[in-house]
Amino acid sequence: MIAFVLAIQIAFLVFYGWLLKQAEFLAEQEFHNKSVIGRSNWISTLLFANNLAGFIHLVSDDTNSLRIYQSSKQAMPAELAGLYSVLKDDSEQQQRIKKSSLLIDRLYSVLEKSEKNSPYLADKTGLKNLTDNTLMPLWTELFDLRHEVLAADFAKYKVNIESLPKARSQRDNSIIILVVINVLAAAGLLYFYTHGLTVRLAILADNAKRFGLKQRLNKPVTGNDEITEVDRAFHSMSESLEIAQQRKQDFLSMISHDMRTPLSNVQASLEFVLEAHQEPLSEQTQEWLQRAYQNVDTVLSLINELLEIERIEVGGLTLVISEARLSDIIRRSADSVRAVAAQNSITIVESKLAAYVRCDEDRLIRVLVNLLGNAIKFSPPGSTVTLDCKKTTQWFEISVQDQGRGIPSELLNTIFERYKQVSPDDARKLGGTGLGLAISKAIVEAHGGLIEVESEIGKGSSFIISLPASSVELA
Ligand code: ADP
């Protein structure tokens, strides 16, 4: 494409060069024509002055006339030579100049011979004979020759002058055509580049979108520029990520099958030994078995949370929506943590709002259990955890408030991210994985709601679940 535009520019230059040459040629021709006319006019004038002066001298013997005659005769050869050289390219014209030169010489000799040969001058008849028989034929011949020289030169010039209008219109048309081709080529070039660029950039943008949605990427873009490089890097990054994802998946399946199943068996066995033993166990053994049971339970909940968050990430959440009684949701959630709360001397205050909620009941309970569990975990003994509900025009809000240590304000925005914990000690001392809030957020958002936290250090935290008001009906 660039080569094409370049070719047009070169054609333009060649064309202009040709136009310039043509103009120069015409100017040269005009100059040549003017020189021929000017020189031949001057030769005629010189000859006229010469012959007239010669003739006057012949009749009157005037010395002034003789001087004019001689000086004009002296100047003549140079003028003839000048005209001869102007017509150097035309041998026919040169022949005419040579012939004119001979005739002029004959005129001189006639005039000079008559000077000595006085019979001519004896009377009027002598003079008439001189002019009629000798001078006039020479003048006529010279006059004809001059006419021929000018006519021949003008004929050449005329051919070029006549062809000028046609050449001019051809030139104008050619310029218009070249300008149009140039503009079209430039527009084409612009379209080709910007279109190619935008199409390919659109593919990159689409790939970025697909990448985010975990969809198959578009075919690699063709070409040999930076965009192709970026696209290639993007594809290879996506492939590496797919491989890493696959490895993670394999690892999770391994955890799921090779760890969860035997651990569940160990937990069931421990439970059986603790509850259904025949012989009474010593206090020490019972304590050890209880501790082992707790540890297995912690590891199992970690595995379950890991698997759940992975499931959410890979396939999203599929909710099982039904109309559930709010009192049932609250009771079941509170029941799950009641024993732990009692152990820590924490009172749970439950909402008494009567309502029906359209939701995935088990999952909503899962969220509330997590929030209540955290509230109990981070609250001092003797404090209260309140589970409250209220309906506004837009939202139905369920809040879990505690009087615990609170969350630093700079972490309030990030606490819902995976593995985020206020302090590294939280996992070590109090247990927990930092996945509970991330899972809760995913569940609430799948319901079209949102989860937020308000907190004040040393005074407590309040986690608020907002579900669309339309999903709740007050009883
Ligand atoms: P986990 O409790 O298993 O660590 P979560 O995602 O439920 O995971 O909570 C993440 C972190 O948020 C906790 O480790 C804790 O640091 C902080 N957190 C959650 N709830 C509270 C709360 N009620 N009071 C103080 N800190 C809290």
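Order of listing sets the numbers, starting from 1, for every ligand and every atom in it.
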Self-check item: Region of N370 that comes within reach of ligand 1 [heavy atoms, distance under 4.0 Å]
Solution: side chain
Quiz item: Counting only heavy atoms not in Y356, do more than 12 fall under 6.0 Å of its OH?
Solution: no
Exercise. Answer yes or no: are there more than 12 heavy-atom neighbours, outside E445 itself, under 6.0 Å from its atom CD?
Key: yes
Quiz item: Taking N or O atoms only and a 3.5 Å limit, does D402 qualify as a polar contact for ligand 1?
Solution: yes
Quiz item: Is it the side chain (CB and beyond), the backbone, both or neither of I407 that lies under 4.0 Å from ligand 1, heavy atoms counted?
Solution: side chain
Quiz prompt | Side-chain donor or acceptor of D335 paired with backbone N/O of R338 under 3.5 Å | solution = no
Quiz prompt | Those atoms of ligand 1 less than 4.0 Å from some heavy atom in L435 | solution = 6 (O), 8 (O)
Quiz prompt | Any N or O of L437 closer than 3.5 Å to N or O of ligand 1 | solution = yes
Quiz item: Is ligand 1 less than 4.0 angstrom away from at least one heavy atom of S461?
Solution: yes
Quiz item: Heavy atom of F416 under 4.0 Å from ligand 1?
Solution: no
Quiz item: For V422 and ligand 1, does the shortest N/O to N/O distance drop below 3.5 Å?
Solution: yes
Quiz item: Any N/O of G434 closer than 3.5 Å to an N/O of ligand 1?
Solution: yes
Quiz item: Does the pair K441/E417 count as a salt bridge with the N-to-O cut at 4.0 Å?
Solution: no
Quiz item: Under the salt bridge (Lys or Arg N to Asp or Glu O under 4.0 Å) criterion, do K391 and E397 qualify, and how do the steps go?
Solution: CA-CA 6 Å; K391 193 178 178 200; E397 292 177 0; over 6 Å; no
Quiz prompt | Atoms of ligand 1 close to I415 [distance to a heavy atom under 4.0 angstrom, numbered from 1] | solution = 12 (O), 17 (C)
Self-check item: Ligand-side contact atoms (ligand 1) for residue partner K420, heavy atom cut-off under 4.0 Å
Solution: 10 (C), 11 (C)
Exercise. For ligand 1, find out whether one of its N or O atoms is nearer than 3.5 Å to an N or O atom of G436.
Key: yes
Practice problem: Give a yes or no answer on whether the side chain of H32 reaches the backbone of V86 with a donor-acceptor pair at less than 3.5 Å. | Solution: yes
Practice problem: Indicate whether any N or O donor in one side chain lies under 3.5 Å from an N or O acceptor in the other, for S282 and T285. | Solution: yes
Quiz item: Distance-only, no hydrogens or angles: does the S471 side chain make a donor-acceptor pair with backbone N or O of P468 under 3.5 Å?
Solution: yes
Quiz prompt | N/O separation below 3.5 Å, N374 to ligand 1 | solution = yes
Quiz item: Does H447 reach the main-chain N or O of D360 with its side chain, forming a donor-acceptor pair under 3.5 Å?
Solution: yes
Practice problem: Select one of side chain, backbone, both or neither to describe which atoms of E305 lie under 4.0 Å from any atom of ligand 1, heavy atoms only. | Solution: neither
